[in-house]
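First the structure, in the form of structure tokens, and then the observations on it.
Owing to the predicted nature of the structure, the values given are computational and were not obtained by experimental measurement. Chain naming here is simple, since letters A, B, ... match the order of the sequence lines and numbering starts at 1 in each.
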Amino acid sequence: MKSIEEQLAIIKRGVVELISEDELAAKLKEGRPLRVKWGADPSAPDIHFGHSVILHKLRQFQDLGHRVIFVIGDFTARIGDPSGQSKTRKQLTPEEVEQNAQTYKEQVFKVLDKNATEVAYNHNWLSKLNMNEIFELLSKYTVSRMLERDDFMNRFEKERPISIHEFLYPLVQGYDSVEVKADVEVGGTDQKFNMLVGRELQRDYKGKSQVTLVMPQVVITMPLLEGTDGVQKMSKSLGNYIGVTEPPSEIYGKIMSISDTLMRRYYELLTEVPLGEVKAMHPKQAKQRLARTLVARFYSDQAAAAAEAEFESVFKEGKLPQEIELISLPKKEMNIVDLLAETKLAASRTDARRLIRQGGVSVNEQIVKDDKLSVNLSGERLIKVGKRKFLRIRHG
RNA sequence: GGAGAGAUAGCAAAGUGGUUAAAUGCACCUGACUGUAAAUCAGGCGGCUUAUGCCUUCGGAGGUUCGAAUCCUCCUCUCUCCA
């Protein structure tokens, strides 16, 4: 096992806050595997690189010999976490939650070590609480303290709605920490408040029931990763995300299209590569290495190499991708506008005309200038829209 | 329970009877330049047709008017203040 100092150095990379370092050091000194909690709200079935910042941190803990307690908030998902939300999140049905939780598990183990992970569903204990216990839990916090919280405050000031039940979320999540006897909890900065509540509840519940914690959990907040636009946080709804299940070529391409500034950020939060090394490299080389590293993590070295070769060929040398989807259409001859709309290469017929007018459409490498062009489909035709949409079409 | 404010396109935000398919910014799309980077420039950004129009949009439903996002009524939702 590595020394305390070495462990701390690894753990501290990229974190925003570590509350507190002394406590963490003390826990590490005990020499036992720590129980590192990560709570996930199964409302978004697709894990993206933003989540993987935290997963990566958890993996580091595992590599240091600690255990991850993956708490699936199947119960809390039905409440809806207010964190960072500008409006009330919709509540999910039990079926949706279950399905999402499964997907979550599959994806999480692309990063986490399955053997060092415990999976827990919080309905197992939350659904058993009786009214007395719920009131006991509620009595441990006050409305004004709840309102101190940034995101509630923001919503309050922006005159956005806050539902009462959302107040329950931090308490319930904090209670999870009591139940799973967490030594450490890792989450996004948006989770700081919830995690701190966990600390306090662990203290409050100490001695009660079977809980015997020496020290309440250490809280580690990780930054919210900026999305591919480099400004807003990565999220599915903003469309600026890279999903861990996306094909290698997509991941590679998306990484290559991020800005240089963002690249350094991704290096820091998603890899172990020393940042000095990155600085010394040519930006494009560095970005390619990042793209390779990340594709390799979710797929394989071969997949990464293939994605890189393809990328170079298509975008540097202007060649065609290795694999282009081939579809068959019933007609032998079609107007280009109909064709684009039919194949969804353009959002609408108007959009198709627009793209043609702007010189963004080509058939067999010939730029289409006339939107009345009739495309003969007796042979295979290659349609290209913009720089990255390719499709082979034939009659059949 | 009482008084008031507000709901406009992906988001933010103008517009208070016609010249508004609806300013502006962001996001997004296409082209140029590149390292498919950033920055910049040009264009676009409801739909259907074409270059002439037509149709559908401003929380929902009705109404007034030659004509409404703009006025009236009701409904839904949100917020503020008072209790």
Margin query: Quick one about A:S177 and A:E185 (side-chain donor to acceptor, distance below 3.5 Å, no hydrogens or angles considered), yes or no?
Written below: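 Yes.
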
Could [X] and [Y] be called an ion pair, given the rule that one side-chain N must be under 4.0 Å from one carboxylate O?
X      : Y      : answer
A:E268 : A:R265 : yes
A:R35  : A:E118 : yes
A:R199 : A:E23  : yes

Notebook entry, point to check: How does each nucleotide of nucleotides 50-56 of chain B score, in 5' to 3' order, for protein heavy atoms under 4.0 Å: base (B), sugar-phosphate only (S), or none (-)?
Noted result: B------

For nucleotides [N] and [M], find the distance between their [atom1] atoms and express it as a whole number of Å.
N     : M     : atom1 : result
B:C72 : B:A21 : P     : 23 Å
B:G17 : B:G6  : P     : 15 Å
B:G59 : B:U70 : P     : 8 Å
B:U20 : B:A27 : C1'   : 23 Å
B:U30 : B:A23 : P     : 23 Å
B:G43 : B:G53 : C1'   : 23 Å
B:U57 : B:C45 : C1'   : 16 Å
B:C28 : B:G35 : C1'   : 23 Å

Margin query: Filter on salt bridge (charged side-chain N to carboxylate O under 4.0 Å, His left out), then keep only pairs touching residues 216-225 of chain A, sequence neighbours left out; what's left?
Written below: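 Sorted result for residues 216-225 of chain A: empty, none.
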
Checklist line | salt bridge (charged side-chain N to carboxylate O under 4.0 Å, His left out) partners of residues 290-301 of chain A, not counting sequence neighbours, each pair once | finding: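 Qualifying pairs, neighbours excluded: A:R292-A:E308.
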
Notebook entry, point to check: Can you name the residues that form a side-chain contact (heavy atoms from CB on, under 4.5 Å) with A:N130, not counting sequence neighbours?
Noted result: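 By the side-chain contact (heavy atoms from CB on, under 4.5 Å) rule, A:N130 matches A:N132, A:E133.
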
Distances for protein N/O vs nucleotides 29-32 of chain B N/O pairs under 3.5 angstrom?
residue: B:U30; atom: O2'; partner: A:Q358; partner atom: O; Å: 3.1

Notebook entry, point to check: Considering only heavy atoms, which members of residues 293-306 of chain A lie under 4.0 Å from some atom of RNA chain B?
Noted result: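 Those residues: none at all.
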
Item checked: Neighbours of RNA chain B within residues 282-291 of chain A, by heavy-atom distance under 4.0 Å ->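 Those residues whose heavy atoms fall under 4.0 Å from RNA chain B, taken from residues 282-291 of chain A in numerical order, are A:P283, A:K284, A:K287.
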
Next item on the list: Considering just the side-chain nitrogens and oxygens of A:S348, establish if one lies under 4.0 Å of OP1 or OP2 belonging to B:C48.
Entry: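 Yes, because at least one side-chain N or O of A:S348 sits under 4.0 Å from OP1 or OP2 of B:C48.
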
Next item on the list: Please round to the nearest 0.5 Å and tell me the distance separating atom CD of A:E5 and atom CD1 of A:I10.
Entry: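 A:E5 atom CD to A:I10 atom CD1 measures 12.0 Å (nearest 0.5 Å).
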
Go through the structure and list residues passing ring pair (Phe, Tyr, Trp, His ring centres under 6.0 Å) with [X], not counting sequence neighbours.
X      : value
A:Y141 : none
A:F49  : A:F298
A:H48  : A:H51
A:F315 : A:F311

Margin query: Measure CE/A:M281 against P/B:G35 and give the value in whole Å, please.
Written below: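 About 17 Å, once rounded to whole Å.
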
Item checked: By salt bridge (charged side-chain N to carboxylate O under 4.0 Å, His left out) - contacts of A:E21 (at least two apart) ->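 Here the qualifying residues are A:K12.
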
Note to self: My understanding is that a pair needs two contacts under 3.5 Å, Watson-Crick or G-U wobble. By that rule, which nucleotide pairs with B:U76?
What the structure shows: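 When the pairing criteria are applied, B:A7 turns out to be the nucleotide that pairs with B:U76.
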
Margin query: Looking at B:C71, which nucleotide sits across from it as a Watson-Crick or G-U wobble partner, both distances under 3.5 angstrom, or is there none?
Written below: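 Paired with B:G63.
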
Notebook entry, point to check: Where the side chain of A:D176 meets the backbone of A:V71, is there a donor-acceptor pair that is under 3.5 Å apart?
Noted result: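 No: the side chain of A:D176 does not pair with the backbone of A:V71.
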
Check: Which part of the nucleic acid does A:I258 contact within heavy-atom distance under 4.0 Å: base, sugar-phosphate only, or nothing?
Finding: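 Sugar-phosphate contact only.
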
